[in-house]
> 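Before I ask anything, let me first share the structure, which is written out below as structure tokens.
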Amino acid sequence: MCYGLDPPRKPWDSGGMERYTPSLIEPKWQAYWAEHKTFRTPEDPALPKKYILDMFPYPSGAGLHVGHPEGYTATDILCRYYRAKGHAVLHPMGWDAFGLPAEQYAIQTGTHPAITTQKNIDTFRRQIQALGLSYDWDREVDTTDPAYVKWTQWIFLQLYKRGLAYQTEIPVNWCPALGTVLANEEVIDGKSERGSHPVVRLPLRQWMLKITAYADRLLDDLDLVSWPESTKTMQAEWIGRSEGALVKFPLASGEGHLEIFTTRPDTLYGVTFMVIAPEHPLLDRLVSEGQRAEVEAYVAKARNRSDLDRKAAKEKTGVATGGFVTHPLTGQPVPVWVADYVLMGYGTGAIMAVPGHDERDFEFARTFGIPVVQVVSAEGTVLPELTEAYTEQGVAVNSGPYNGLTTEAFKAQVTADLEAAGQGARRVEYRLRDWVFSRQRYWGEPFPIYFPVTCEGDPRKGEAHTIHYDQPIAMEESELPLRLPDLEDFNPGEDPAGTLARAADWRFFQKEGRWFARETNTMPQWAGSCWYYLRYLDPKNPEEAWSKAAAERWLPVDLYVGGAEHAVLHLLYARFWHKVLQDAGHVQVPEPFGRLVHQGMILGEVEYTAYRDAQGAFLSKERVMAHPDGGFRHRDTGEEVTAERVAEEATEKKGSAVVLKADPAIQLDARAYKMSKSRGNVINPDDVIREHGADALRLYEMFLGPLEATKPWSTSGIQGVSRFLERVYALAQKPRSAAAPEGDLLRLLHKTIRKVGEDIEALRLNTGISALMILLNELSKATPLPQEAVETLVRLLHPYAPHLAEELWEQLGHAPSLQAVPWPTYDEALCVDSQLTIAVQVGGKMRGTIQLAAGATQEEAQAEGLKLESVQRQMEGKTLRKTIWVQDKLLNLIVG
RNA sequence: GCGAACGUGGCGGAACUGGUAGACGCACUGGAUUUAGGUUCCAGCGGUUUCCACCGUGUGGGUUCGAGUCCCACCGUUCGCACCA
């Protein structure tokens, strides 16, 4: 054994297997697993099943980043563990391969997106395989594969046939830069989520999916799943169910009434004005002649105001329409205003304004000098004047016959009364809107829909024609898939009908002598990812999207791991489709994903930042503040300050601060940032594997901290786990004894088996590794070293570092694969130490410890504890009042 | 502004239902082996201090024999929502 040589960094300098050489071991075992299809999903229905799923990646041109292996390694560890525990594990991988980047690249270079996509998939597959992840590659799916698209289109037809897909002309989020419409969920602060391009509201014909029809089930069934509370809360808030009442306010002049939605019908007596949205259809009838010019000017301005402007505006704006409605309970006239703080898209686009008990109404009333009336009181007393809106519940005042009722009782009573009088009804509203499902791009699934065309000649030649969009025809299921046409130019252009509108030969076709036009919109990227977990069940099935038997066998997904950025969109859409498919009888369980875990982000290495003023002199960080517009300013003078990165060697620690070594008076900022190309702090998994091996990368990412936490990368940290693997390898090269382990070593083995197993099941992968390190440290000292102990270590290490474990298993004289070897078992009785260390406290303060046999009595402990010198010192001149005894843990002597 | 989560050594982090704070690893210090080492091995490693002892889990209170853990208030970081009536 020669420990004294260079670590095996170069493949060519390692002739034998004397030292741990990941560059030799890892390809060997990857080839073995591939050849023997070690991870093929077992068919045996008698085995308990585990469906363990990763969110499949979008295969970008940049390749894998270190964030991908984090979640993938975690699930891989569970899969290898459960296989060893005798479960049938389904663990597939695939590609979410439609999407904008490939298309943008095509626009720039003319390369067909299918080619780019294929190339990227090959890179991703190679990188993922280099990590030794145990996927069943026979089940790989690719959302852009026509054999997959076929079934995405088929599911769309199921939605269409159930009346859940419809067309509408609505103002949509049109993004000129991207040449497409975006879902509400894809617009953030008036800009596109992807690329931050401005988005304008434009009325266009769109396909919509009626997700609102499932709002209640999507909300209620959150109780059925084991997901992070934060994610459930986000979905619940996104759905935004609110219960209230619809109330009719008759128009003061003429027929009809203004309908409003309110969650606080108990404040009806506090209404001092009404507000309608600028787009409200009744606006025209309500406007008085005197106000018409002013109202029209306001509406025109509001229409042109982008969402961005609306947000920036802090002051409430609005104009009185001059029109009035009649209060349904008091019969008094109520003035109607128009203001853009009321949104046409929610409720009825009109509200009753109760300034006394709604902050927005209060602000509006104050701006325009409208009276404020108090109708709810905390204690039943009326205040002379409200200085702010009282939005809490309370007791009704100034409310005629309802005075004295609590908020809850009032709501129920008045809603019933209004309903009886035909003036209102109970009503539930949702924040959730129907899903805008069409995009005007090329690289997506075509809709299996076409329309009749009236045309004198050949519409393909651009001759005059009319497409009857109001008469959509669904393609026959037997005609699927509808493939994308080949194009030379992928530019979206200005035609809001989409890129495909330019593929005239594809778009127009004749059937029985009549012309038809295909839908030229394509589906959004979410479509493919809404159901990929179902295709994995039966990926090669040419007859069905998946077989009923496969769905019954494998659903729901037992563990789903992926980023928190999908907390709302992907997970809500997929749940929606799943429920539709359940209603259509294609799946049986109500929820697709039973347990969900979000892996945390891995940040770049910690960076140190120093600040300099305009003269170039260093400034300590407490004298610098961030400027809202970016950049930094001097806290006192306000002058601009520049930031610069400082190498770690130039810094040192001083107390809790980091300072410049050259000038310890200068404090630095020390923090880790999100990895990004522009910051130059991206860690490439390929480089890490080349230097340390895949097992070290896997182990390091798991050892970094809890899976869910955000944590910074550390280049020196990976050497710790690398060293651990080298030591495991070295241990297996030592002479071993055939004798069974005994005594403390035996106990440690059993404790470690229990701990590692429990930690894997609970996804506490960091502490599991720590237990393995402790075991290794003990085994390194053991003389003699029992073979069985080394084998146990290797078997426990296997899920974490599978290549090394397989290699050592073979070296220890066993036939591969270790995956076929059952998980070690432990004996509960051997997990308890024979001698326990008991804490001894006097008055709740630690004074020492005593060694006792497990199960010792309080009397024995007390006798032993009182012998401690430190205890005697504390008890001098005092009497023992009381003793607290926690079996096998602690003795606390209370003195007085 | 509203809501949620989180604040533990120089660093990443441990600590199950309140019960020996700092497991494990990194970094650092000392020693051994080595021609040498960014190798390996051994030892040390929260702070103050005369070895007694005291202080210590963001800050200030509280509950308890006992609080990192429970309660209240505040400060800070991160994430989500942001006129949804």
Side-chain angles (χ1 to χ4, degrees), chain A residues 1-7 189 228-231 233-234 237-238 240 242 244 260-264 267 275 310-311 313-314 316 339-343 345-354 358-361 363-364 429-433 564-565 567-568 601 606 648 652-658 670-672 700 703-706 708-721 723-724 726-727 730 758 762 764 766-774 777 780 837-849 869-870 873 881-884 886 889-895:
Chain A
M1 201 48 244
C2 35
Y3 286 106
L5 295 179
D6 275 315
D189 288 340
E229 275 314 310
S230 58
T231 302
T233 305
M234 279 167 69
E237 283 174 357
W238 192 265
S242 67
I260 60 95
F261 172 73
T262 178
T263 54
R264 292 296 300 271
T267 60
V275 185
R310 278 202 188 189
K311 291 236 164 65
K314 292 195 179 80
K316 292 258 181 301
D340 66 2
Y341 84 90
V342 171
L343 311 171
Y346 184 77
T348 62
I351 62 157
M352 65 177 210
V354 185
D358 182 285
E359 281 164 21
R360 296 150 302 182
D361 298 345
E363 201 186 317
F364 192 85
E429 279 289 334
Y430 300 91
R431 205 189 81 121
L432 182 72
R433 312 289 162 79
E565 66 273 19
V568 177
M601 207 189 320
V606 173
E648 193 180 355
E652 67 182 356
K653 291 278 148 52
K654 193 177 144 194
S656 62
V658 185
R671 56 167 288 197
Y700 176 63
F703 190 57
L704 212 46
E708 296 90 335
T710 303
K711 45 220 172 245
W713 184 267
S714 151
T715 297
S716 62
I718 196 167
Q719 307 209 340
V721 295
R723 205 171 294 160
F724 166 71
E726 281 163 27
R727 292 181 60 211
E758 283 175 357
R764 288 189 301 257
N766 51 333
T767 51
I769 296 170
S770 138
L772 292 172
M773 287 172 166
I774 293 168
N777 289 345
S780 304
T837 306
I838 309 281
V840 181
Q841 303 184 334
V842 178
K845 273 187 181 277
M846 272 297 297
R847 293 300 166 187
T849 58
E869 215 178 295
S870 53
R873 241 192 323 267
R881 300 267 180 225
K882 192 178 160 191
T883 307
I884 309 278
V886 182
K889 280 235 152 113
L890 168 138
L891 178 74
N892 187 3
L893 304 167
I894 315 302
V895 294

> Between B/G19, B/C65, B/A53, which nucleotide has the shortest distance from any of its atoms to the side chain of A/Ile894?
B/C65
> Okay, side chain of A/Asn766, backbone of A/Leu704: is any donor-acceptor separation there less than 3.5 Å?
no
> Please determine, for the side chain of A/Ser870, which listed nucleotide (B/A53, B/G19, B/A23) has the closest atom?
B/A53
> Please tell me if A/Arg727 has a side-chain N or O lying less than 4.0 Å from either OP1 or OP2 of B/U40.
no
> Whether A/Arg847 contacts B/C65 is assessed here as follows: a side-chain N or O lying under 4.0 Å from the phosphate OP1 or OP2. Is that the case?
no
> Check the chi torsion on B/G10 and let me know: syn if it falls within 90° of 0, anti if not.
anti
> Please check the phosphate of B/U20 (OP1 and OP2 only) for any side-chain N or O of A/Asn892 closer than 4.0 Å.
no
> Judged by each residue's nearest nucleotide on RNA chain B, which is more toward the 5′ side, A/Asn766 or A/Met846?
A/Asn766
> In the strands shown, is B/G1 matched to any nucleotide by a Watson-Crick or G-U wobble pair with both distances under 3.5 Å, and which?
B/C81
> Could you check which nucleotide pairs with B/U35 in any of the strands shown, counting Watson-Crick or G-U wobble with both distances under 3.5 Å?
none
> Checking all strands, does A/Thr767 fall into the base, sugar-phosphate, or nothing category for heavy-atom contacts under 4.0 angstrom?
sugar-phosphate
> Taking only the P atom of each, what is the distance from B/A5 to B/U40 in whole angstrom?
44 Å
> Between B/C83, B/A85, B/C81, which nucleotide gets closest to the side-chain atoms of A/Asp340?
B/C83
> Look only at the side chain of A/Asn892 and the backbone of A/Ile884, and say whether a donor-acceptor pair between them is shorter than 3.5 Å.
no
> Report yes or no: is the cationic atom of A/Lys316 (NZ for Lys, CZ for Arg) closer than 6.0 Å to the six-membered ring centre of A/Phe364, at no more than 45° off its axis?
no
> Can you tell me how far P of B/G12 sits from CG of A/Leu704, to the nearest Å?
10 Å
> Need the pair for B/G76. Rule: Watson-Crick or G-U wobble, both distances under 3.5 Å, any strand; none if unpaired.
B/C6
> Within this structure, what is the CD-to-P distance between A/Glu726 and B/G25, rounded to whole angstrom?
15 Å
> Separation of A/Ile838 atom CD1 from B/G66 atom P, in whole Å?
21 Å
> Could you tell me whether a side-chain N or O of A/Lys711 sits under 3.5 Å from a main-chain N or O of A/Ala709, the two making a donor and an acceptor?
yes
> Taking A/Thr849 for its side chain and A/Ile838 for its backbone only, find out whether a donor-acceptor pair lies under 3.5 Å.
no
> Of the options B/G12, B/G13, B/A53, whose atoms approach the side-chain atoms of A/Phe703 most closely?
B/G12
> With rounding to the closest Å, how many angstrom separate the P atoms on B/U77 and B/G62?
28 Å
> Can you tell me if the side-chain N/O atoms of A/Ser230 get under 4.0 Å from OP1 or OP2 in B/G80?
no
> Determine whether a donor-acceptor pair (N or O, by modelled atom type, separation under 3.5 Å) exists between the side chain of A/Tyr700 and the backbone of A/Ser714.
yes
> Considering only the P atoms, how many Å lie between B/G7 and B/C16, rounded to the nearest integer?
13 Å
> May I ask you to say what A/Thr233 touches in the nucleic acid, namely base, sugar-phosphate or nothing, with a heavy-atom cut-off under 4.0 Å?
nothing
> When you compare B/C11 with B/C74, how far apart are their P atoms, in angstrom units rounded to a whole number?
28 Å
> Rounded to the nearest angstrom, tell me the gap between atom NZ in A/Lys882 and atom C1' in B/G66.
10 Å
> For B/A85, does OP1 or OP2 lie under 4.0 Å from any side-chain N or O of A/Arg431?
no
> Above 12 or not: heavy atoms from other molecules or residues under 6.0 Å from CD of A/Glu359?
no
> Do side-chain atoms of A/Arg433 reach the backbone of A/Arg431 as a donor and acceptor pair under 3.5 angstrom?
yes
> Strictly below 4.0 Å: does A/Arg723 bring a side-chain N or O up to OP1 or OP2 of B/U40?
yes
> Quick one: A/Lys711 NZ to B/A14 C1', roughly how many Å, whole number?
15 Å
> Under 4.0 Å between any heavy atoms, over every strand shown, what does A/Thr883 touch: base, sugar-phosphate, or nothing? Just pick one.
nothing
> Please state the P separation for the pair B/A32 and B/G66 - nearest whole angstrom.
50 Å
> With C1' as the reference atom in both, quote the distance from B/U69 to B/A85 in angstrom, rounded to an integer.
42 Å
> Whole angstrom is fine here: how far is it from CD1 in A/Ile769 over to P in B/C24?
15 Å
> Answer yes or no: is there a side-chain heavy-atom contact under 4.5 Å between A/Met846 and A/Val840?
no
> On the nucleotide B/C24, are OP1 or OP2 found under 4.0 Å from the side-chain N or O atoms that A/Asn777 carries?
no
> So, is A/Lys889 near the phosphate of B/C16, with a side-chain N or O under 4.0 Å from OP1 or OP2?
no
> Using the side-chain heavy atoms of A/Pro706, tell me which of these nucleotides is nearest: B/A23, B/A14, B/G19.
B/A14
> From NZ of A/Lys845 over to P of B/A67, roughly how many Å is that when rounded to an integer?
9 Å
> What integer distance in Å separates A/Arg764:CZ from B/A23:P?
19 Å
> With both distances under 3.5 Å as the test, what is the Watson-Crick or G-U wobble partner of B/U17?
none
> Here's a test of your reading of the structure: between A/Ala771 and A/Met234, which maps to the more 5' nucleotide of RNA chain B?
A/Ala771
> For B/G13 versus B/G46, give the span between their C1' atoms, rounded off to a whole number of Å.
15 Å
> Describe the nucleic acid contact of A/Arg873 in one word from base, sugar-phosphate, nothing, applying a heavy-atom distance below 4.0 Å.
sugar-phosphate
> With rounding to whole Å, what would you report as the distance between B/G60 and B/A67 at their P atoms?
15 Å
> Where the side chain of A/Thr837 is concerned, which of B/C65, B/G25, B/U20 is the nearest nucleotide?
B/U20
